[in-house]
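Worksheet: the structure to be examined is printed underneath.
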Amino acid sequence: MILINGATGKTGRAVIRALIARGAIIRALVHRPDQVQAMQDLGAHEIVVGDMLDPATMASAASGVRAVYHICSNMNPDEIAIGEVVIAAARAAGIERLVYHSVLHPQTEAMPHHWNKLRVEEKLFESGLAYTILQPAAYMQNVLAYWHQIMEQGVYPVPYAVEARLSMVDLEDVAEAVALVLTEPGHNGATYELAGPEALSQVEVAAILSQQLSRRVQAQTVPLDEWERKARASSMNDYAIGTLLQMFRYYDRFGLCGNPNILNWLLRHPATTFAAFIARIPNP
Ligand SMILES: NC(=O)c1ccc[n+]([C@@H]2O[C@H](COP(=O)([O-])OP(=O)(O)OC[C@H]3O[C@@H](n4cnc5c(N)ncnc54)[C@H](OP(=O)(O)O)[C@@H]3O)[C@@H](O)[C@H]2O)c1
């Protein structure tokens, strides 16, 4: 049995699908009772409801499992505290291995959500647990948040320079890599960067969208104050807004690029290109 934390997010769902396809038995930790049905529909064998910050919840979630896949929710101000609770529960339960969903370049202090993940990685090193750390780049699936504007207006809007390069990775490749790492031996003590095969500028992303969708799509920079005004008008909390603004400023200057070699090696096939990802979307 493998415990998946943060199971109801897009990452957790993709990971659960990939693990079930490999015959794994899954316990999903969900935040709220209304998320149970979605996990049952996905095929999770057991479901625990509760808060990852709560030691009692984590103790019962980790009890009797072989491994834990720890996904903290995105932009969570408690990521370090949650990491500590999860590590303590995993140690007490005597699990075989904790696999942590980190991020590409957690060493980047200018992005607090990256920096917090580095601190959790450090706590894992010091925990005495067998561990594996996975560091995915930005997902290709993030582009789908702009799908309406891409299709209706021919605009791919980004809150940073259109020249900024990102090694976007297909979340399905990430999930497959997670499933392999969790079900195969030989990954104890490893830290694996999971970057996509191309470090594309946003102009190049728009060109691929144009080609694949047979319509003109142009990358456009959304000014940060405009992005912030819209974020504040939505339900987004202050920590997420502040952290995302820092991330956009960082992307604007430096992008976020890695190398696909490790992912290709883990998958035993080349990682998905952005063009192939877009071609897979039904009825665009
Ligand atoms: N998106 C990317 O491109 C990318 C790239 C690399 C790494 N990552 C990392 O991937 C991770 C997962 O992101 P995601 O978007 O898949 O997940 P997510 O949707 O942000 O979170 C997953 C689930 O965690 C639950 N949750 C939140 N706080 C909780 C708590 N205290 N206890 C228990 N459950 C809690 C949420 O439930 P509620 O809805 O009830 O809050 C949510 O359903 C993040 O750490 C992110 O930094 C993302």
Side-chain angles (χ1 to χ4, degrees), residues 1-31 35-49 61-62 64-74 86 90 95-104 130-144 168-188 190-197 260-284:
M1 172 106 63
I2 301 171
L3 170 67
I4 312 294
N5 288 344
T8 39
K10 58 175 172 278
T11 310
R13 289 167 194 253
V15 164
I16 290 173
R17 278 195 299 270
L19 278 166
I20 287 177
R22 292 179 71 81
I25 306 296
I26 300 302
R27 179 183 291 165
L29 175 60
V30 304
H31 204 191
Q35 294 166 329
V36 167
Q37 185 64 52
M39 290 296 104
Q40 282 170 344
D41 295 347
L42 213 53
H45 304 84
E46 291 185 14
I47 298 157
V48 176
V49 182
V65 301
R66 176 176 69 73
V68 174
Y69 192 63
H70 177 48
I71 304 168
C72 187
S73 58
N74 210 7
V86 171
I95 68 162
E96 283 173 26
R97 188 157 50 113
L98 197 156
V99 184
Y100 177 45
H101 192 83
S102 183
V103 71
L104 184 66
Y131 68 84
T132 310
I133 294 166
L134 300 179
Q135 300 176 330
Y139 306 151
M140 291 176 182
Q141 279 74 1
N142 296 348
V143 172
L144 301 179
M168 285 191 294
V169 65
D170 182 1
L171 178 55
E172 294 302 313
D173 285 350
V174 172
E176 192 182 333
V178 172
L180 288 164
V181 161
L182 278 163
T183 55
E184 287 181 343
H187 301 292
N188 281 2
T191 300
Y192 295 140
E193 167 172 320
L194 304 179
N261 284 352
I262 297 286
L263 182 57
N264 293 337
W265 169 73
L266 279 170
L267 297 176
R268 301 182 196 99
H269 61 77
T272 307
T273 61
F274 185 67
F277 165 71
I278 294 298
R280 207 174 68 208
I281 295 173
N283 309 316

- [ ] Rounded to the nearest 0.5 Å, what's the gap from NZ on Lys10 to CD on Gln141? Could you check?
- [x] 8.5 Å
- [ ] Please tell me if the side chains of Leu267 and Asp173 come closer than 4.5 Å, counting only heavy atoms from C-beta onward.
- [x] yes
Task: Least distance between heavy atoms, Arg66 atom then Thr183 atom - done: NH2-CA, 4.5 Å
TODO: Please examine the side chains of His101 and Leu194, heavy atoms only from C-beta on, and report whether any two atoms are closer than 4.5 Å.
DONE: no
- [ ] Would you give the length of the straight line joining atom OH of Tyr131 to atom CG of Leu98, rounded to the nearest 0.5 angstrom?
- [x] 11.5 Å
Task: Partner set under side chain to side chain donor-acceptor pair (under 3.5 Å) for His70, not counting sequence neighbours - done: Asn5
Task: Considering all heavy atoms, the nearest Ala271-Leu263 contact - done: CB-CD2, 3.7 Å
TODO: Could you grab the distance from atom CG of Leu19 to atom CG of Leu182, nearest 0.5 Å is fine?
DONE: 5.5 Å
- [ ] Let me see the working for Arg22 and Leu180 under side-chain contact (heavy atoms from CB on, under 4.5 Å), right down to the final yes or no.
- [x] CA-CA 9 Å; Arg22 292 179 71 81; Leu180 288 164; 3.2 Å; yes
Open item on the list: Looking at every heavy atom in both Ile133 and Ser102, which two are closest together, and how far apart are they?
Closed with: CG2-CB, 3.9 Å
Open item on the list: Applying side chain to side chain donor-acceptor pair (under 3.5 Å), can you list everything that pairs with Glu96, at least two apart in sequence or on another chain?
Closed with: none
Open item on the list: Has Arg27 got a side-chain atom pairing as donor or acceptor with Ala61's backbone, closer than 3.5 angstrom?
Closed with: yes
TODO: Assess whether side-chain contact (heavy atoms from CB on, under 4.5 Å) is satisfied between Val36 and Val49, documenting all intermediate values.
DONE: CA-CA 8 Å; Val36 167; Val49 182; 3.5 Å; yes
Task: Least distance between heavy atoms, Phe277 atom then Thr272 atom - done: N-CG2, 3.8 Å
Task: Pairwise distance CD1(Ile47) to CD1(Ile4) - rounded to 0.5 angstrom - done: 12.5 Å
TODO: Kindly give the heavy-atom pair with the smallest separation between His45 and Ile20, and that separation in Å.
DONE: CE1-CG1, 4.4 Å
Open item on the list: Quick check: do Met39 and Ile16 have side-chain heavy atoms less than 4.5 Å from each other?
Closed with: yes
Task: Working for side-chain contact (heavy atoms from CB on, under 4.5 Å), residues Glu176 and Asp170 - done: CA-CA 10 Å; Glu176 192 182 333; Asp170 182 1; over 6 Å; no
TODO: Find the distance between CD (Gln37) and CG (Leu42) and round it off to the nearest 0.5 Å.
DONE: 11.5 Å
Task: Heavy-atom check, side chain of Val48 versus side chain of Leu3, under 4.5 Å - done: no
Open item on the list: Counting C-beta onward and ignoring hydrogens, is there a side-chain heavy-atom pair between Phe274 and Val143 closer than 4.5 Å?
Closed with: yes
Open item on the list: Counting C-beta onward and ignoring hydrogens, is there a side-chain heavy-atom pair between Val99 and Val178 closer than 4.5 Å?
Closed with: no
Open item on the list: Applying side-chain contact (heavy atoms from CB on, under 4.5 Å) to Tyr69 and Ile26, what does each step give before you reach the verdict?
Closed with: CA-CA 10 Å; Tyr69 192 63; Ile26 300 302; over 6 Å; no
Task: Validation row: Tyr139, Thr11 side chains within 4.5 angstrom (heavy atoms) - done: yes
- [ ] Heavy atoms only: give me the nearest Arg13-Thr8 pair and the separation to one decimal.
- [x] NE-O, 2.9 Å
Open item on the list: List the residues meeting side chain to side chain donor-acceptor pair (under 3.5 Å) with Thr132, not counting sequence neighbours, and say none if there are none.
Closed with: Arg97
Task: Note, Arg280 side chain near Met140 side chain (heavy atom, < 4.5 Å) - done: no
Open item on the list: Check whether Gln35 reaches the backbone of Val30 with its side chain - one donor and one acceptor, N or O, closer than 3.5 Å.
Closed with: no
